[in-house]
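Heads up, the thing below is written out as structure tokens.
One-based numbering along the sequence shown. Atoms within a ligand are numbered from 1 in the order they appear, just like the ligands themselves.
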Amino acid sequence: MEFDVAVVGGGINGTGIAREAAYRGFRTLLLEKDDIAQATSSQSTKMIHGGIRYLETWDFHLVHESLRERWTLLKIAPHLVKPFQIVIPVYKGSVRRPWMIRLGTLIYDLLAVGRNIGRSRRLRSEEVQAIPGLKKDGLLAAIAYPDAQVFDARLCLETALSAQEVGAVVLNYHPVERVTLENGHYRLQGTHLRTGAPYNFSAKSVVNATGPWTPIFERLTPGHPTKEMVYDRGIHLVVPSLGITEGLALMTGDKRLIFVLPWQEHYTLIGTTESKFEGEDFSSVPYSEEEVSYLLDKFNAFFPERNLTRGEVLYVYSGVRTLIAGHESSLTRLSREAEINLMPDQGGTAWMNVYGGKLTSYRRLAEQAINKLARHVTPSGPAPPRFTASTPLYGGRELVDIPPDKNPAFLTPELRDAWRGRYGSNWAELVDLALAQPKLQEMLLQRFQYTLADLAYMVTVELAFRLEDLTFRRTKMIYGLTENETRKLSQALEQFLKGQDWDSLYGEAAS
Ligand SMILES: Cc1cc2nc3c(=O)[nH]c(=O)nc-3n(C[C@H](O)[C@H](O)[C@H](O)COP(=O)(O)OP(=O)(O)OC[C@H]3O[C@@H](n4cnc5c(N)ncnc54)[C@H](O)[C@@H]3O)c2cc1C
């Protein structure tokens, strides 16, 4: 079969474009070399936001568009995107005065008009007092504005599964190693990492959505000009919950914003840093202890009594933003606007490079990419955008409950809540699975309410293959797993995979 659109890269841009293409009726293929969201798209600050600080660089268009998309994502993925409030404390001596911050948040409100999720406001003094440990000395004002938080890796995964639901072929662990242009179509070749078998696909158009790998991927291909990229590394710390229930945006002396965010009930997230990255291994971007100390120092300057230490940090993750090189001297001032380049090749084929972007605006970027590409794929021109803004993502449909009299004995209230939180509207599929195969009711990790049914579902439905697929991208167990728990999970995964016939699961699409 020849695909209309082959998307390479299973980050948020690639999965979003695959979903959009599939919804417009194109025969769509998505190839990811590792796991879905293994790179930048699981290393973010996890905010679905307009980006209040982009107001300072006059990126009003970016902020406006992102705020509209924030509204859309809250509707189509309510189980993954949750509204929350961010508070900016303003101290004596800050270059940004309280009135400037207030003005900024008012503009932010205005840019969201018609699709806002609340209003910005100045906090009352008792509300400020209630923020545990925040330095009150010299505090002039605290201004709050609404935004939203997301489980980034699952947003990406569920976007891919949503594309699959409407006919796209979605294959992770399929690195594209070679692309040639032959007789009016592209041939994409590589090796399926699960089976070791070579694969070979043909497509009318290719979308290079490999994020930071864009120039590297171009080296394997028929040769298209790429833009000069700059890689901006950002790290985050995960620490046990500091009791903060709202997000905080801390204005540091070096004109940056550091976010301190409640995360997954039991944790607090602190980030991010900004430093130029010059390597090529974007799968595991290294970080330095200086960067960790920088975040701890900045945090402790605002929470002096808390005195957070390195020993309390449970997890550090690091990723790179891919920015288009410009004339600005500082990384912070380079634009976050995405760019899409379409390059028609011979015989009606078309190649597209995608640069930059945000999790927040990925759906809109995908719509624009497919608008551009569609006239090359179909002679009649682009089909109108349909449904991706109004159709719920994979688990984003209405939550349906099981009547109490039909509640199976194994389904404790704790497990029910864990499944609803993890899988949204698909949680009942886990119940069916565990009823059909009672062995799967076995609790594997009590602390995380993680059963054999979770493992089976993540492997067979959610495309998981390696341990980190389960612990970092489909759940956040990685922050708290003990050695024993890791061993137990790893053995169960190995056992489960042994019983799987990969050819029957994945062989058909790859032949
Ligand atoms: C520190 C940091 C914080 C951020 N915070 C936010 C935030 O709070 N909110 C927000 O909206 N945005 C945020 N962003 C931006 C957002 O995370 C990125 O814009 C987005 O994740 C980029 O997605 P992508 O699909 O372009 O790239 P990636 O997620 O990196 O995906 C590219 C994929 O291509 C695959 N690939 C590469 N080569 C091949 C090949 N040959 N064959 C097959 N597959 C291949 C890779 O394995 C990878 O999975 C943040 C970014 C960073 C770095």
message = Between E289 and R310 (salt bridge meaning N to carboxylate O under 4.0 Å), is one present in this structure?
response = yes

message = Among T221, T180, D345, exactly one meets side-chain hydrogen bond (donor to acceptor under 3.5 Å, both in side chains) together with Y186. Which residue is that?
response = D345

query = Which word best sums up how the rings of H174 and Y199 line up, parallel for under 30°, tilted for 30 to 60°, or perpendicular for over 60°?
reply = tilted

key: salt bridge (Lys or Arg N to Asp or Glu O under 4.0 Å) between K46 and D152, intermediate numbers included   = CA-CA 6 Å; K46 311 189 192 305; D152 48 5; 2.8 Å; yes

task = Could you tell me whether R364 and E65 have a side-chain N and a carboxylate O separated by less than 4.0 Å?
result = yes

Residues forming a ring pair (Phe, Tyr, Trp, His ring centres under 6.0 Å) with F472, sequence neighbours excluded = Y315

ask   = For ligand 1, what are the residues with a heavy-atom contact below 4.0 Å?
value = V8, G9, G10, G11, I12, N13, L31, E32, K33, Q38, A39, T40, S41, Q43, S44, T45, K46, M47, H49, H174, P175, V176, A209, T210, G211, P212, W213, F217, G234, H236, T272, G319, V320, R321, G357, K358, L359, T360

